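Working notes, beginning with the structure itself.
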Amino acid sequence: MAPSNALTPPSEDFPRWYQDVVASAEMADNGPVRGTMVIRPYGYSIWERIQRELDDRIKAAGAQNAYFPLFIPESYLAREAEHVEGFSPELAVVTHAGGEDLAEPVVVRPTSETVIGEFMAKWIQSYRDLPLLLNQWANVVRWELRPRLFLRSSEFLWQEGHTAHATAADAAAYARRIHLEVYYDVIASIMAVPAYVGIKSPRERFAGAINTLTCEGMMRDGKALQMSTSHELGQNFARAFDIVFQSEAGPSAHCHTTSWGASTRLIGGLIMAHGDDRGLVVPPRLAPIQAVVIPVRDEPDVVEVAQRLVDELRGAGVRVTLDAARGSFGRRVTDWEIKGVPVRVEVGPRDLAEGRVTIARRDDEAKEPVALAAVSGRVRSLLEEIQASLFDEATRRRDAATTDVVDLDAALEAAETGFARLPWAVVGAEGEARLNAKAVTVRCLQRPDGTTPDSPDEPDLVALVARAY
RNA sequence: CGGGAAGUAGCGCAGCUUGGUUAGCGCGCCUGGUUUGGGACCAGGAGGUCGCGGGUUCAAAUCCCGCCUUCCCGACCA
């Protein structure tokens with residue numbers, strides 16, 4: 001029978017479904033100020049998992065965490081012409097503080113290239129100070145015209161890495177390393193999203209960058225979501241902020257800098273890449289709660305076994321929780337389905353009489369009886385199976401919704417339902433403008449084998465185009 | 001910011017056209033009881049300056065004006 005407060009089916013109204021999931025899974029609420037977001041504990045616990053996976057890899061890549069101020073002098077932004085042009089429409093500016101008008105307005109950071117550049121200039125003197133590899137976890141503010149929880153909020157949480165290098169080659173290699181070893185790895189192996197990796201067209205590049213690398217995820221409605229970016233900034237910011245070092249041979253030179261970021265938008269990507277009619281689906285490696293043990297009836301011996309299984313699973317390294325004495329069995333099951341918990345261990349008197357429990361997986365809702373003694377082993381193997389299966393399924397959907405075409409008209413048609421792939425030479429700057437007029441954008445450029453090119457000018461590149469969030 | 005829709009209890013809505021006493025309904029919430037193998041049931045209860053401001057009127061959720069907010073589509077973006 002149809003529950004009265006069911007989610008809107010995604011096939012019927014995908015944006016509505018997205019909002020329903022965000023609300024029902026207790027991920028986030030709208031804040032009181034337009035476009036702001038309250039991240040609720042469950043949503044935040046997913047963010048903490050993402051943070052941890054990213055942070056571990058960022059540190060493995062040699063970068064160190066630091067923190068720079070929220071407030072940036074307005075004049076800093078103006079020092080890099082393209083940068084200020086790109087960001088000024090969405091800046092929040094403080095003009096009044098401490099009871100009086102400020103002599104110089106203060107910008108609430110939309111990103112920190114400028115303020116970090118200023119300090120890099122102070123800290124870097126010699127080639128021995130390079131590379132300087134910094135990262136910060138912070139909130140940033142961009143006054144977006146059309147906010148949407150997680151996908152585009154006026155304030156969002158992210159990490160932003162900023163590095164300075166002696167040579168263009170070193171900077172390019174580092175940006176690429178972050179792109180692949182941090183972002184793609186977390187997105188693919190933890191979030192189970194088979195993102196397309198590539199570089200942005202010059203038109204889509206970050207304001208002030210000479211090259212932008214991107215991970216483009218495909219959502220279940222066929223639209224693209226930029227899930228991370230990694231920029232080569234050339235010497236643009238080094239010149240604007242005098243980030244200069246003296247080389248081993250003697251002469252001074254401007255550094256080559258990079259910046260790279262991933263944000264709470266990833267949570268929106270998670271929802272839209274894996275979610276289904278029943279709600280969120282969280283891949284096991286990402287899940288804050290990997291398994292929930294549910295006593296079918298609130299009877300002492302049943303709850304006791306359930307508690308014992310929780311302890312055993314926790315001891316086996318599974319992130320597990322017990323859900324007892326809280327309403328009907330059906331209610332509890334559906335609540336955890338909406339939250340996307342990968343595995344449910346259902347403990348009932350009938351099963352227990354036969355020395356077993358029922359284990360259900362969230363991704364395909366298959367159920368199987370498992371002997372009590374085998375529970376933790378089976379849960380752990382199931383978590384691995386689900387992780388792999390989610391990635392495989394998402395890859396299958398991605399490939400099915402990616403169409404190879406030969407001209408712009410066919411690309412526009414294919415972009416109605418997914419991605420189109422065509423030679424970059426066929427698109428060009430004029431073709432890109434034509435696509436943009438129909439709300440279709442060049443998501444990324446790839447080599448024919450799918451790897452990430454060094455420059456849009458490489459021969460034989462292919463363009464992936466799509467509608468995007 | 002342009003086009004469209006909507007603001008009435010925590011959420012979703014009805015009531016408005018044709019102004020009129022204590023503004024209803026479903027879900028949720030509280031209390032008690034019975035329940036619990038897929039979104040439980042019964043009984044009792046709490047909860048609303050009808051988005052904000054102004055106007056018309058004996059009387060405004062209802063009519064008029066202005067503003068704000070939210071959602072959808074577009075341009076911008078992580």
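Only a predicted model underlies this, so the values are computations on that prediction, with no experimental measurement involved. Residue numbers start from 1 in every chain, and the chains themselves are labelled A, B, ... in the order their sequence lines are given, proteins ahead of strands.
Under the 4.5 Å side-chain criterion, counting only non-hydrogen atoms from C-beta, A/Arg176 is not in contact with A/Ser230.
Candidate nucleotides B/C77, B/A40, B/U36 were compared by shortest atom distance to the side chain of A/Arg331, and B/A40 ranks first. If you check B/G38, B/A78, B/G74 against the side chain of A/Thr334, the one that comes closest is B/G38. Listed nucleotides: B/C73, B/A78, B/C76. Nearest to the side chain of A/Glu90: B/C76. Listed nucleotides: B/C73, B/A78, B/G38. Nearest to the side chain of A/Phe206: B/A78. Of the candidate nucleotides B/U36, B/A78, B/C73, B/U36 has the atom lying nearest to any side-chain atom of A/Phe329.
Between the side chain of A/Ser328 and the base of B/A40, no donor-acceptor pair of N or O atoms lies under 3.5 Å. Judged by distance alone with a 3.5 Å cut-off, a donor-acceptor contact links the side chain of A/Arg265 to the base of B/C77. Judged by atom type and distance alone, A/Lys438 does not reach the base of B/G74 through any side-chain donor-acceptor pair under 3.5 Å.
In this structure, A/Arg148 does not reach the B/C71 phosphate: none of its side-chain N or O atoms is under 4.0 Å from OP1 or OP2. The side chain of A/Gln19 places an N or O atom within less than 4.0 Å of a non-bridging phosphate oxygen (OP1 or OP2) of B/C72.
Of the residues in residues 337-364 of chain A, A/Glu337, A/Ile338, A/Arg344, A/Gly348, A/Pro349, A/Arg350, A/Asp351, A/Thr358 come within less than 4.0 Å of RNA chain B through at least one heavy atom, sorted by number.
Summarising the local packing, CD of A/Glu368 is surrounded by more than 12 heavy atoms from other residues, nucleotides or ligands at distances under 6.0 Å. Other residues, nucleotides and ligands contribute only 12 or fewer heavy atoms inside 6.0 Å of the CZ atom of A/Arg52.
Note on A/Ser153: a base of the nucleic acid sits closer than 4.0 angstrom, heavy atoms only.
Figure legend. B/G28 is base-paired to no nucleotide; pairs are counted as Watson-Crick or G-U wobble with both atom distances under 3.5 Å. The partner of B/C16, taking Watson-Crick or G-U wobble pairs whose two distances both stay under 3.5 Å, does not exist in any strand shown. Nucleotide B/G74 forms a pair with B/C1, judged by Watson-Crick or G-U wobble geometry with both contacts under 3.5 Å. The partner of B/U57 is absent, by the rule that a Watson-Crick or G-U pair needs both atom distances under 3.5 Å. B/A40 and B/U34 make up a base pair, with Watson-Crick or G-U wobble contacts both under 3.5 Å. Nucleotide B/G51 forms a Watson-Crick or G-U wobble pair with B/C67, both donor-acceptor distances falling under 3.5 Å.
Annotation: cation-pi pair A/Arg398/A/Tyr196 present, NZ/CZ under 6.0 Å from the ring centroid and within 45° of its normal.
Both thresholds, 5.5 Å between centres and 30° between ring planes, are met by A/Phe156 relative to the base of B/A78, so the two rings are stacked.
Using modelled atom types and a 3.5 Å distance limit, the side chains of A/Tyr76 and A/Glu118 yield a donor-acceptor pair. With 3.5 Å as the limit, one finds a donor-acceptor pair spanning the side chains of A/Ser201 and A/Glu432.
Residues A/Arg344 and A/Glu365 are paired through a salt bridge, judged by an N-O separation under 4.0 Å between the basic side chain and the carboxylate.
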